[in-house]
Amino acid sequence: MKYLSTRGYPDRKQFCEILLEGLAPDGGLYLPESYPKFTTNDLANLRRIWSEKGYADLAFAILSLYIDDIPSADLLALCRKTYTEQVYGTRDIVPLKQLDDGFYLEALSNGPTLAFKDMAMQLLGNLFEYELARRGETLNIFGATSGDTGSAAEYAMRGKRGVRVFMTSPAGRMSPFQQAQMFSLMDENIHNIAIEGVFDDCQDLVKAVSNDAAFKAKYKIGTVNSINWARLLAQVVYYFAGYFQATSKDDQKVSFCVPSGNFGNVCAGHVARMMGLPIETLVVATNENDVLDEFFKTGVYRVRGTVDTHETSSPSMDISKASNFERFVFDMLGRDGARVKSLFGEQLSKTGQFDLSAGIVAARIQYGFASGRSTHGDRLATIKSTYESHSVMIDTHTADGVKVAHEFLAKHPKPKDAESVPMIVLETALPIKFASAIVEALGVEPTRPAQFEGIEALPKRVVNMPADVAVVKAYIAKACD
Ligand SMILES: *Cc1c(COP(=O)(O)O)cnc(C)c1O
């Protein structure tokens, strides 16, 4: 399989090249030249792999269609090393929890940092270590986080040969649990940098360093943000695992509801659907930052400025623009790279928006998308009702998904004689990560997995810095000497 850029750059690349590269040279995102398509027979085969051999082998079966520059035996070993019962706590890795008849949560948050980002990042860590060793190279990951991405990256890269992580975060702004998770890591190759400022200041530092080609080359700076195709690809697997658990036949349909921010998670659902997984609807759930809900309702994509990006109680979905959205628009526009380049490369930077309203109704039907939004009040009410009716505690992001899924089902009732379509809401984090909202909703502290008992009291390894690119660069240079 070769990879192309969404903005029409003529070169085609191999998987391991784009693994370490991130953005394409023309500023576009990488996608496979085509999506391999499964028949019903293929699905039956995959179902057998899932039930007889488990998640890691299912992951290999899917990933091997997209990765032909890692020998099969090595790729299988990497998948088996990543998705273990020991790390995820269950043999199924992503078990379904039934809430109501035909209504499920898919547990994606049993990895080391208790958010779904581990599902992809843990594989990325093993892929990076493998490929860097093969090339005899090193990589310094420089990133910005408001919480979940940074900790998932650090837990994936800790102790890995050839990789260092420099992770900036806004000082004092992550939840106490998130700070403790990151800052208690004592691994030599992990560097926590608390920046005096807000998340945008951290992102600006990352941009400033990325724009300094000489520094970037000298210190081998790379990223692990959600535009990396390998992360998206790893996420495709759990759509299949969810499907096999919710159905018994390979022509049955399901729908997924996905708490969304940068459109990475739900874009993986789009890829799964393009590969022939029988998904009826992909419901995009947003919080008050409803850029994506607005697009799927109106066809107008309008990015927000810093002032009208809300700080919410589902902070991992607080986005002003959705960095993976360009991939879907590329498919929606018949893979017309020139048009995508003009929309994302020119129009968006000039006017802050573009209008695809003429095609949105057809696209919603063709690609099976629907959307909805949720607010702080909805979130608290949903956490409360889910706890009272099912004794299940959900986090604020998952609550946005549950709220929007219920609303979608109420608006689209199935005719009496139609086959029912299970709804699977992706559980994107565990409640302990966002304790204050849980206390506000339920009046009790969220349950804490045993391995995180007392982490707030552990010694912390973090350096404080002003939002000054020269200071940050000097720190990286010193650490690399
Ligand atoms: C990152 C994240 C999201 C948003 O996922 P995207 O791939 O950016 O759409 C939702 N919930 C949680 C808990 C997250 O960490």
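Starting from 1, each residue takes its place in the sequence as its number. First listed ligand is number 1; within each ligand, the first listed atom is number 1. Being a predicted model, the structure only gives us computed values, none of them experimental.
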* Using distance alone, with no hydrogens and no angle criterion, decide if Glu326 and Thr6 have a side-chain donor and acceptor under 3.5 Å apart. => yes
* **Close residues, ligand 1: non-hydrogen atom nearer than 4.0 Å** => Phe116, Lys117, Asp148, Pro259, Ser260, Gly261, Asn262, Phe263, Gly264, Asn265, Ser316, Met317, His397, Thr428, Ala429
* Consider only side-chain N and O atoms of Tyr55 and Trp50, and report whether a donor and an acceptor are under 3.5 Å apart. => no
* Is it true that atom NZ of Lys13 has more than 12 heavy atoms of other residues, nucleotides or ligands lying nearer than 6.0 Å? -> yes
* Can you tell me if Asp187 uses its side chain to pair, donor with acceptor, with the backbone of Asn189 under 3.5 Å? -> no
Pair up each side-chain donor or acceptor in residues 278-286 with any protein partner under 3.5 Å, not counting sequence neighbours, and list the distances.
residue : atom : partner : partner atom : Å
Glu280  : OE1  : Lys414  : NZ           : 2.9
Glu280  : OE2  : Lys414  : NZ           : 3.3

* **Main-chain N/O of Ile93 paired with Thr90 side-chain donor or acceptor, under 3.5 Å** => yes
